[in-house]
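This report concerns only the one structure given below.
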Amino acid sequence: MSKIRAAITGIQGYVPDYILTNKELETMVDTNNEWILSRTGIKERRILKGENLGTSYIGAKAVEKLLKKKGISPDEIDLLICTTVTPDMQFPATANIISDMVGIKNAFSFDLMAACSGFLYGLTTASKYIETGNYKKVLVVSADKMSSIVDYTDRSTCIIFGDGGGAVLLEPTTEEVGIMDSILKADGAGKVHLHMKAGGSVKPSSHETINAKEHFIYQEGQPVFKFAVTNMANVAEEILKKNNIKGDDINWLVPHQANKRIIDATARRINVPLERVMVNIEKYGNTTNGTIPLCLWEWESKLKKGDNLILAAFGGGFTWGAIYLKWAY
Ligand code: UT7
């Protein structure tokens, strides 16, 4: 019997309407368009406005549109995995909330937390369910409402992040397409450089934690940059070597969109020219879990069956990894 692989058979992104430009940020903190553009590559990012709207809203919008586009009923979904660092609530899982919002009734669902590498972790996990042969339709929803944890008085973080995300449908295939290989890594020692100080079980929310602004992203930009630039390039190179492929064989590099300089360094290392690198950081900034699905969504019409894609990410945790996949449609 031929091997069952998991193939992405549909993709849909969602970004909120509100555009927060560098110009508007100039009125909020001591920054300027030139600095943001040259240090990060970001021109603008999307912000989810409106009462009681969280990450589930972004995820549900993407899933609804995806199911409609594919002509699939919510009843057909077997499993929904949501990857996010900004869940609607600490519990229950945002995956369950999304399933309820879109009318998915016959599936189990759970959240998975791997920060900016969440989509790679989610896709790899989902592919294992598909490969058993017991699950036919699995959704991976990767989204974040980063504006809910950004301190808009901190110029070192507020210029980077934005809201948005996407969903992919995975189905089994016996053709030579789909997820071919995955390398995932983690190093908890990275916690000191990138985390949220309070609101968890170690330091529950209190008046003191709120006054000390401990419910926002804490990031030491330079050390994170150094780890990101080295590890993302290393893991991309590693997956190429492991699968005996070269830069010339790659149709698209799909990197996490944290900083244009990190993207360029990764592309250089594996010899993929920039015209074959998906980059939309200028429009959306760093949407954490959302970046890679948003790229795939925007490039969907350019992708061809059999195209070789390398997905690569680095993020809080630290977590990082790369996936080699052959586009399936
Ligand atoms: O996705 C999750 C993983 N995260 C990442 O991969 C992010 C990695 N880090 C980065 O992308 C970059 O470190 C940042 C974009 C966060 C910062 O860029 P940087 O080139 O590392 O800047 P820096 O922190 O070294 O700061 C350089 C200078 C400092 O001024 P002095 O000390 O040289 O006078 C900062 O105070 O730039 C100043 N600065 C700013 N100036 C204008 C910092 N933020 C700003 C700002 N506008 N927004």
Side-chain angles (χ1 to χ4, degrees), residues 20-45 83-86 113-121 142-147 149-165 184-196 216-236 254-267 269 278-282 284-295 311-322:
L20 174 59
T21 60
N22 289 352
K23 203 164 178 52
E24 187 177 351
L25 279 168
E26 285 178 8
T27 68
M28 296 159 67
V29 285
D30 180 14
T31 191
N32 58 79
N33 178 52
E34 203 279 320
W35 190 95
I36 303 173
L37 210 49
S38 63
R39 303 310 293 166
T40 69
I42 302 167
K43 288 185 184 155
E44 56 191 42
R45 63 293 288 142
T83 78
T84 185
V85 291
T86 50
M113 222 299 288
C116 300
S117 312
F119 183 67
L120 302 191
Y121 273 59
S142 294
D144 272 301
K145 182 186 171 185
M146 294 306 290
S147 60
I149 56 168
V150 164
D151 175 2
Y152 285 96
T153 65
D154 173 11
R155 70 175 183 173
S156 68
T157 52
C158 75
I159 53 122
I160 305 170
F161 294 101
D163 302 340
L184 300 177
K185 310 219 180 199
D187 179 2
K191 177 186 89 172
V192 292
H193 303 297
L194 183 51
H195 58 261
M196 186 191 289
F216 293 124
I217 298 161
Y218 172 82
Q219 174 170 266
E220 295 164 3
Q222 278 195 13
V224 176
F225 185 92
K226 280 182 198 148
F227 279 106
V229 93
T230 310
N231 287 317
M232 212 163 108
N234 282 351
V235 76
V254 197
H256 170 53
Q257 313 278 306
N259 188 315
K260 181 69 166 56
R261 290 181 286 146
I262 301 173
I263 295 171
D264 292 348
T266 306
R269 173 78 78 81
M278 296 188 193
V279 182
N280 58 13
I281 191 170
E282 71 282 359
Y284 304 135
N286 181 351
T287 54
T288 303
N289 282 270
T291 60
I292 293 179
L294 282 174
C295 282
L311 282 43
F314 181 88
F318 290 140
T319 57
W320 66 104

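Ligands are counted one by one from 1 in listed order, and the atoms in each one are counted from 1 as well. Residue numbers run from 1 in the order of the sequence given.
Protein residues with a heavy atom closer than 4.0 Å to ligand 1 are D30, T31, W35, R39, T40, C116, R155, S156, I159, I160, Q219, G221, Q222, V224, F225, A228, H256, A258, N259, R261, I262, N286, listed by chain and number.
Partners of N280 according to the side chain to side chain contact (heavy atoms under 4.5 Å, CB included) rule, which considers only residues two or more places apart in sequence or in another chain, are Q257, K283, Y284, L294, C295, E298, W299. Annotation: salt bridge (charged side-chain N to carboxylate O under 4.0 Å, His left out) contacts of D264 (sequence neighbours excluded): K260.
Using a 3.5 Å distance cut-off with no hydrogens or angles, the side chains of R269 and N234 do pair a donor with an acceptor.
Put simply, the side chain of M113 reaches to within 4.5 Å of the side chain of V85, judged on heavy atoms.
Separating the OG1 atom in T31 from the CD1 atom in I36 is a distance of 3.5 Å, to the nearest 0.5 Å.
For the salt bridge (Lys or Arg N to Asp or Glu O under 4.0 Å) condition, the pairs that include at least one residue of residues 22-36, sequence neighbours left out, are D30-R155.
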